[in-house]
2 protein chains.
Amino acid sequence: MLTIFARCKVHYDGRAKSELGPGDRVIIIKPDGAFLIHQNRKREPVNWQPPGSFVTLEERGDILVLRSVRRKPKEVLEVELEDVYLVSVFKAEDYEELALTGSEAEMAEMIFNNPGLIEPGFRPLFREKDIGHGIVDILGRDESGNLVVLELKRRKADLHAVSQLKRYVEALKKEYGRVRGILVAPSLTSGAKKLLEKEGLEFKKVEPPKRESSGRGRQTTLL
Amino acid sequence: MLTIFARCKVHYDGRAKSELGPGDRVIIIKPDGAFLIHQNRKREPVNWQPPGSFVTLEERGDILVLRSVRRKPKEVLEVELEDVYLVSVFKAEDYEELALTGSEAEMAEMIFNNPGLIEPGFRPLFREKDIGHGIVDILGRDESGNLVVLELKRRKADLHAVSQLKRYVEALKKEYGRVRGILVAPSLTSGAKKLLEKEGLEFKKVEPPKRESSGRGRQTTLL
DNA sequence: TTGTACATCTCGGGT
DNA sequence: ACCCGAGGTGTACAA
């Protein structure tokens with residue numbers, strides 16, 4: 001990993017196009033081609049290039065230019081280095097992966113293992129089921145045999161989530177008769193609640209579970 | 001800005017929860033509280049804390065622990081520093097903001113200035129119009145006086161975009177009679193095209209414009 | 001490669 | 001503070 005503290009200008013052209021006037025920034029170049037330019041505020045890099053990009057350094061007239069190119073989509077990032085304060089190389093050895101818990105995937109697991117969390121008699125049948133117009137989180141049947149679509153959200157569900165659920169329900173209605181749609185989330189925005197009710201869809205409050213340790217990322221190696 | 005090269009372990013608990021075993025990482029702490037931990041691959045930090053978080057350094061037994069806390073939502077990030085290779089401080093002076101062009105906002109401007117890009121006789125009336133169940137990009141009327149909803153996408157439109165458009169059209173249908181919905185984007189995914197046709201919605205191919213220089217971020221100062 | 005949806009999404013704008 | 005939607009979203013996963 002290469003880290004540079006420098007005063008620089010930045011030019012980007014690709015999916016969009018941007019210019020950034022002179023200022024001090026932290027530049028990080030990773031061995032996989034990821035290229036980050038950070039200003040002194042915000043979590044997000046002001047400019048970047050994704051992994052898989054190729055970096056070159058050229059001398060253009062009197063100043064150094066760092067250039068990172070991505071093919072497909074074609075994107076070019078150029079950094080005019082006006083003043084370089086520090087360059088450091090870090091051979092970072094890292095064989096660990098993040099183990100994260102509290103994801104939507106874990107909510108789904110939990111519901112499969114304990115369908116009563118949704119309602120008595122609920123039977124989950126499919127997970128990540130590709131119906132014609134999208135992929136349903138969980139597809140199952142209720143006590144009365146009605147088809148039930150669950151849309152899971154790990155955090156407060158919004159209008160987008162309701163639209164998603166509605167799309168699935170309507171796609172299945174065409175083929176099967178009555179289809180229930182249940183939004184499964186810790187809470188709802190006000191607008192989501194309104195739309196959900198208008199559309200005759202349902203809500204079941206469920207919190208994403210947090211495991212004790214080790215999510216799916218890295219298993220505790222016992223070898 | 002504080003940059004640290006270190007071998008460390010990371011523990012996070014907040015909206016979700018994660019553990020990261022020992023390895024070499026680059027840590028960046030910004031004056032606004034943003035806290036980034038980067039592994040040697042990918043554009044995204046493996047762990048982070050958003051701006052507004054508060055960082056402390058404590059000695060826990062024999063090892064140093066960097067701790068960043070965010071209130072609301074309560075989130076705690078702890079970095080156990082097992083081996084510190086480099087610590088650098090960078091007083092980054094930066095008064096520039098990114099000027100970006102090719103955004104959806106610029107597509108909207110372009111269409112307002114030249115409504116014929118949609119179709120002859122189209123008249124835009126509102127922009128970012130809050131109808132009951134969401135916010136419409138552009139609301140207007142066609143040659144025949146029908147209400148028209150435009151949903152703009154700066155890149156290939158997907159199922160989500162179609163659902164969004166459909167939600168707006170249906171919300172307006174209740175009040176007004178026939179309402180047309182047009183998805184305005186450079187292209188469509190296969191699924192989006194299928195759903196769009198099924199729902200009787202329309203598509204108009206439009207590319208986001210790229211200005212010559214300076215988007216809306218920073219105007220070229222002539223003073 | 002394309003499509004689809006999640007994300008500790010982040011961020012800005014509005015109310 | 002909440003709501004809503006954009007983003008050069010990035011990322012993983014499946015077809």
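Residue numbering restarts at 1 for every chain, and letters A, B, ... go by the order of the sequence lines. Small disclaimer: the values here were computed from a predicted structure and weren't measured. All values below were derived from every heavy atom in this structure, side-chain atoms included, with hydrogens, water molecules and symmetry-related copies excluded.
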note = By salt bridge (charged side-chain N to carboxylate O under 4.0 Å, His left out), E202(A) pairs with (sequence neighbours left out) R180(A)
ask   = In chain order, what residues pass the ring pair (Phe, Tyr, Trp, His ring centres under 6.0 Å) check against H11(A), with sequence neighbours excluded?
value = none
Within residues 150-164 of chain B, residues whose heavy atoms come under 4.0 Å of DNA chain D = E151(B), K153(B), R154(B), R155(B), Q164(B)
remark   = L100(A) atom CG is separated from dT11(D) atom P, nearest whole Å, by 15 Å
query = Which part of the nucleic acid does R41(A) contact within heavy-atom distance under 4.0 Å: base, sugar-phosphate only, or nothing?
reply = nothing
message = Does dT4(C) have OP1 or OP2 under 4.0 Å away from a side-chain N or O of Y168(A)?
response = no
task = With sequence neighbours excluded, tell me which residues meet side chain to side chain donor-acceptor pair (under 3.5 Å) with E128(A).
result = none
key: Sub-4.0 Å heavy-atom contacts from residues 129-136 of chain A onto DNA chain C, ordered by number   = G134(A), I135(A)
request  = May I ask you to list the residues of residues 42-55 of chain A, by number, that have any heavy atom positioned under 4.0 Å from an atom of DNA chain C?
outcome  = K42(A), R43(A), E44(A)
Under 3.5 Å donor-acceptor pairs involving side-chain atoms of residues 24-34 of chain A, not counting sequence neighbours:
residue : atom : partner : partner atom : Å
D24(A)  : OD1  : Y85(A)  : OH           : 3.0
D24(A)  : OD2  : E93(B)  : N            : 2.9
R25(A)  : NE   : D94(B)  : OD2          : 2.8
R25(A)  : NH1  : C8(A)   : O            : 2.6
R25(A)  : NH1  : G21(A)  : O            : 2.8
R25(A)  : NH2  : G21(A)  : O            : 2.9
R25(A)  : NH2  : D94(B)  : OD1          : 2.9
R25(A)  : NH2  : D94(B)  : OD2          : 3.3
K30(A)  : NZ   : H38(B)  : ND1          : 2.8
K30(A)  : NZ   : Q39(B)  : O            : 2.9
K30(A)  : NZ   : R41(B)  : O            : 3.2
K30(A)  : NZ   : K42(B)  : O            : 2.8
D32(A)  : OD1  : A34(A)  : N            : 2.9
D32(A)  : OD2  : K42(B)  : N            : 2.5

Interface with DNA chain D, restricted to residues 183-194 of chain A and to heavy atoms under 4.0 Å = T189(A), S190(A), G191(A)
task = Using the test salt bridge (charged side-chain N to carboxylate O under 4.0 Å, His left out), find all partners of K166(B) that sit at least two apart in sequence or belong to another chain.
result = E170(A), E170(B), E199(B)
task = Only counting residues at least two apart or in another chain, list the ones meeting salt bridge (charged side-chain N to carboxylate O under 4.0 Å, His left out) with E44(B).
result = R43(A)
request  = Report the residues that fulfil salt bridge (charged side-chain N to carboxylate O under 4.0 Å, His left out) with R155(A), sequence neighbours left out, ordered by chain and then residue number.
outcome  = none
ask   = When rounded to the nearest Å, what value does the distance between C1' atoms of dA6(D) and dA7(C) take?
value = 15 Å
query = Counting a pair only when it is Watson-Crick or G-U and both distances are under 3.5 Å, which runs of at least 3 such pairs involve DNA chain D?
reply = C:1-7 with D:9-15, C:9-15 with D:1-7
